[in-house]
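Everything on this sheet refers to the single structure shown next.
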Amino acid sequence: MKKCLLVHAIVLLSSFIAQSQTMNEQYGRYRKTMDSMLLLLPATKGIARVDHLNAICAKAVFFNGQYNDPLFKSSSDTLYKYSTMAYKEAKVIDYKNGMAISLLHINGSYAARGAKDSIARKAYKDSILYKNTIAAMALAEQTGNDSLLGEIYGELTRYGSKAEKIENFRKSATHFKKINNKKKELEAYTNIVWVYGITEDVEAIEYADKCYRLAKEVKPSNEWEHELVTFSYINLAALYKTAGDYETALDYHKQGNAYGKAHSSMNEVLGISDLFYEMGAYDSAAYYWDAWNKDYPTYYFSYAARGNTLRGKIYLKQEKYDQALKMFNASLDAYKKNGKVDTALSWGVVGPYLYMGEVYAKKKDFSAAWTYAIEGMYFAKRANDFKSQLMGYELLSRLYHKLGKNDSAYLSLRNHVALKDSLQNKQFTWRLNNLKRAAESTKKEASIGLLMKDNQIKEEQLKQKATFVKFLIAVLIALVFAASYVFRTLSLRRRNDQLKQEQEVQALTIRQFEAERVQHGLRAHAAELEMQALRAQMNPHFIFNCLSSINRFILKNESKTASNYLTRFSRLIRMVLINSEKPLITLEDELQMLRLYLEMERLRFKDNFDFSITFLNEIDDDNVFIPPLLIQPFCENAIWHGLMQKDGHGMLEINFRLENAILYCTIKDNGVGREKAEAYKSKSAEKGKSMGLHITSERLALLNNEKGSNTSYVMEDLYDEGGRASGTCVHLKINYRESISETIL
């Protein structure tokens, strides 16, 4: 466990060293922010003042003890001053959350100076820190502040046994889960995994799995949070490695390394190299070690020493003994201080000593091998490294035999076998636990399947009941209709005599209705003749415009364009001649003619404008009937009098929507506007271009005269933000028909 926590601390420290060039800049920003916050302090009162004081303390936490503050001895003094001030002022106004937070900040100021104090002084401060933490917890529980309680239970993990630390981290995670703070929940569960020890306790896998699932949901916003996500992969990899499942461990290591690389977080290439070594793939192990070694200068010394030990092990397997000794010696030198091994790093020197013993055994120097093996076993026992002890006992057994000390060889071999059985049982427990988890998962899936089948049966039963109820309702409705029919028949018989008396009156009424119908038919026929006359006026006008355009292309010697234009014109004129004979055509046919016309105009103007035709809601254009050539004149007017006079590229937008049985059409251009168009028209010889629009206006007026019709149009000028004309928009309101039988009569 201590080994895992120390490795974690070393990795964090290495990231700080790599960023040392930017720390001074960060401190400058810190001081600037702190000065600004101090200037605002006198203007605050009551709860706001306490919160502001605690905010100052929170700002000082990051730089706690790292720099000398020009106003105070150190930032820990800054933290202590304002945290005690916050506590006193919060206590006066009975602000419980403020008191609890300030107590935690007071603890932080004590902790920053703990390394400089004597053992007795540190023990005294530890008692103060514990009392402050308990007091803060009592205050937070009174207010029910889950966020603060989560932090306090995390603070309590400084004290107590392994079981107490795990329980406090579990409570911390529970409070953070209540407020859906997944990042803090992930941090608490990660600490539980580290306290259990990723190679020591089978219960760690439950929390490692929780970390892995939470990591998929959080969205990290800083380096530490990205590292937590990376650790969620690495911890699972270490657990599967302990269980001997190297393939799964390798997969998690690769995922963690990919995430770390993508987010500039931790580099776990060394872990991948180590797994390939355990799998016996020494060339792959060497390949990944070389990849890790490129970043060697950025790592903290013991992390580099761990890497050198691994490379020495690879050389040993490759029978490159001198190179292996060189790497092991480099690792030992990194762990030594004043020529001696730092006992606090006993876990790190185990490997170099034991593997150097193995190297000398391979070189037949059994005395030197025995010396290193004894040193390695000493440190392995100090570090409770059972896997290394297993290797050491086996190595000593061989060396004692070679040195002629068979009793010692037998004793070492017996210790090796006993420890091996223990470790194998442990690996069996790991595998059994994984198998149990898989079985439980299968059982849950089976239960879900049975539940789904049960639900299907219940649904079928409900459907049968619903069908029976519907049948009863149908029978009841049939009885009601039968009773109604009988009642109606009796009523009709009673009224039969009255109807006979009213026949003469009805006959007179029918004759009057017939006379009115004949008169209405004559008026409708006259209206149709007038509509045909107006369409006859429009068709020659449209043909004249098209022929005029073709003539221009011919005069300009643009024969290919003229031919293309003439082809489209012939197709269009055929459609116009066919549709103009009909009182109503589908919206689809109208738009087909309109698109063909607009494409011809774009061709004539050399693609100087674009157009779009859009349905703003669902319209069945094959079932909407309107008068033919109703929209084209407005588009023609927009092109000739708006877009043709515009400098630059033009745009014509035609939109349709159906609402309350009315077809709404808007024709919008970004031309010069009506005012400028009138000015151009007054100077031009083409003053007759609006004839089509005039005819269409008369057609709309005629449509308005029919019964129930509300067809109309409104023309609107458009202006930009500067009040300048930016185009014209025509709003058409068309009373359409939904079948060909509904003709305008």
Side-chain angles (χ1 to χ4, degrees), residues 440-521 523-524 582-591 614-627 655-665 703-704 706-711 733-745:
E440 289 176 351
S441 177
T442 303
K443 184 177 179 181
K444 288 180 180 178
E445 290 177 359
S447 299
I448 292 172
L450 291 174
L451 184 61
M452 291 178 65
K453 288 182 179 179
D454 185 56
N455 288 337
Q456 289 177 352
I457 293 172
K458 289 181 179 179
E459 287 179 2
E460 290 295 330
Q461 291 175 346
L462 289 174
K463 287 181 180 178
Q464 291 176 0
K465 290 181 180 179
T467 303
F468 181 72
V469 171
K470 290 179 181 178
F471 173 75
L472 291 178
I473 293 174
V475 171
L476 181 61
I477 292 174
L479 291 174
V480 171
F481 274 109
S484 300
Y485 176 77
V486 172
F487 177 79
R488 181 185 177 91
T489 302
L490 293 175
S491 298
L492 289 174
R493 287 179 180 177
R494 291 174 184 174
R495 294 185 60 188
N496 189 35
D497 294 335
Q498 296 178 357
L499 291 174
K500 290 180 180 179
Q501 296 175 359
E502 296 173 357
Q503 283 181 353
E504 293 182 0
V505 176
Q506 290 178 351
L508 179 61
T509 303
I510 291 171
R511 286 195 295 272
Q512 291 176 347
F513 176 78
E514 285 293 329
E516 290 177 1
R517 188 179 65 81
V518 171
Q519 187 177 6
H520 176 71
R523 287 198 301 269
K582 304 174 183 177
L584 296 174
I585 63 172
T586 65
L587 180 59
E588 181 184 14
D589 291 338
E590 176 72 1
L591 294 182
T614 307
F615 290 167
L616 300 181
N617 57 6
E618 186 175 355
I619 300 176
D620 184 4
D621 57 352
D622 196 35
N623 200 34
V624 174
F625 291 85
I626 62 173
N655 298 324
F656 293 90
R657 64 182 174 89
L658 284 180
E659 188 174 331
N660 298 326
I662 299 295
L663 178 64
Y664 293 89
C665 173
L703 284 170
N704 282 329
E706 70 169 343
K707 185 176 181 180
S709 177
N710 55 0
T711 302
K733 185 178 177 184
I734 305 171
N735 188 33
Y736 70 95
R737 301 293 184 270
E738 291 185 346
S739 66
I740 194 63
S741 61
E742 295 179 56
T743 54
I744 304 174
L745 294 175

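Only a predicted model underlies this, so the values are computations on that prediction, with no experimental measurement involved.
- Summarising the geometry, atom CZ belonging to F656 is positioned 13.5 Å from atom OH belonging to Y736; distances are rounded to the nearest 0.5 Å.
- Listed for the N655 side chain is no donor-acceptor partner under 3.5 Å among the backbone atoms of L616.
- Residues Y664 and I734 are not in side-chain contact: their nearest non-hydrogen atoms beyond the backbone lie 4.5 Å or more apart.
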Inset, instruction - Step by step, work out the side chain to side chain contact (heavy atoms under 4.5 Å, CB included) result for L658 and F615. - result: CA-CA 9 Å; L658 284 180; F615 290 167; over 6 Å; no

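- Under the side-chain contact (heavy atoms from CB on, under 4.5 Å) criterion, D622 pairs with T586, E588, D620, not counting sequence neighbours.
- Between I626 and L663, the closest heavy-atom pair is CG2-CD2, 4.1 Å.
- With sequence neighbours excluded, the residues forming a side-chain contact (heavy atoms from CB on, under 4.5 Å) with L472 are F468, listed by chain and number.
- Smallest separation of non-hydrogen atoms from I585 and K582: CG2-CD, 3.9 Å.
- Taken to the nearest 0.5 Å, the CG atom of L476 stands 6.5 Å off from the CG atom of L479.
- Partners of E659 by side-chain hydrogen bond (donor to acceptor under 3.5 Å, both in side chains), not counting sequence neighbours, listed by chain and number: R657.
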